[in-house]
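Note that the structure is a prediction, hence the values are computed from the model and not measured.
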Amino acid sequence: VQLQASGGGLVQAGGSLRLSCAASGRTFSIYGMGWFRQAPGKEREFVATISGSGGTTYYADSVKGRFTISRDNAKNTVSLQMNSLKPEDTAVYYCAARKVGRVGINEYDYWGQGTLVTVSS
């Protein structure tokens, strides 16, 4: 699976951005998908995940209520709608895919290249 993230940019605090991740392959719907982020000088952290069917989602506490993860299996894409952005959301955001059976929050098999989100105060 190859992943290509896009949609990052510069936004003011309180604004919104929508990230997208396009995946290659015919079996996209079997993969759980996730978004992670890495701020300068910090470790990569989990943001959100969605099951293969899209029926189950889970969010980090820091983004719950502000971010929404979704997927379109017909288009092989997963998105992250980010609202009410804060300066602390500034990071490189990565999409990731994991095979069936992975259960750990950080257990992902494939990673995209990342897209930079900068939130100004």
Which pairs count as salt bridge (Lys or Arg N to Asp or Glu O under 4.0 Å) when at least one residue sits in [range], sequence neighbours excluded?
| range | result |
| --- | --- |
| residues 1-19 | none |
| residues 1-15 | none |
| residues 109-118 | R102-D109 |
| residues 44-68 | R37-E45, D61-K64, R66-D89 |

- Message: Once ring pair (Phe, Tyr, Trp, His ring centres under 6.0 Å) is applied, do any residues pair with F36, and if so which ones, sequence neighbours excluded?
- Response: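 Listed in chain order: F46, Y108, W111.
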
Could you measure the distance from the [atom1] atom of [X] to the [atom2] atom of [Y]? Nearest 0.5 Å is fine.
| X | Y | atom1 | atom2 | answer |
| --- | --- | --- | --- | --- |
| E43 | N106 | CD | CG | 10.0 Å |
| S121 | Q12 | OG | CD | 9.5 Å |
| Q81 | L19 | CD | CG | 9.0 Å |
| I30 | S53 | CD1 | OG | 13.0 Å |
| I69 | W35 | CD1 | CH2 | 8.0 Å |
| K75 | F28 | NZ | CZ | 12.5 Å |

- Excluding sequence neighbours, so at least two apart, what forms side chain to side chain donor-acceptor pair (under 3.5 Å) with N73? R71

- Return the set of residues passing side chain to side chain donor-acceptor pair (under 3.5 Å) with T27 (not counting sequence neighbours), or none when no residue passes.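 Residues passing side chain to side chain donor-acceptor pair (under 3.5 Å) with T27: none at all.
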
With distance as the sole test, does [X] use its side chain to make a donor-acceptor pair with the main-chain N or O of [Y] at under 3.5 Å?
| X | Y | value |
| --- | --- | --- |
| S84 | G14 | no |
| S51 | T56 | yes |
| S24 | Q2 | yes |

Contact list for [range], test disulfide (SG to SG under 2.5 Å), sequence neighbours left out:
| range | answer |
| --- | --- |
| residues 40-80 | none |
| residues 22-83 | none |
| residues 24-92 | none |

- Decide side-chain hydrogen bond (donor to acceptor under 3.5 Å, both in side chains) for T77 and D72; before the verdict, give the C-alpha distance in whole Å, the side-chain angles of both, and the deciding distance to 0.1 Å. CA-CA 5 Å; T77 59; D72 185 338; 5.0 Å; no

- When Ile, Leu, Val, Met, Phe, Trp and Tyr are grouped by side-chain heavy atoms lying under 4.5 Å apart, directly or through other members, which residues fall in the same group as L10?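 Result for L10 is none, singleton.
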
- Are T118 and V11 side-chain neighbours, meaning at least one heavy-atom pair lies under 4.5 Å?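 Side chain of T118 against side chain of V11, heavy atoms only: no contact under 4.5 Å found.
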
- Message: A side-chain contact here means heavy atoms from C-beta on lying under 4.5 Å apart; do L80 and V47 qualify?
- Response: yes

- With sequence neighbours excluded, residues passing side chain to side chain contact (heavy atoms under 4.5 Å, CB included) with V92: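 With neighbours one apart ignored, the set is Y94, L116.
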
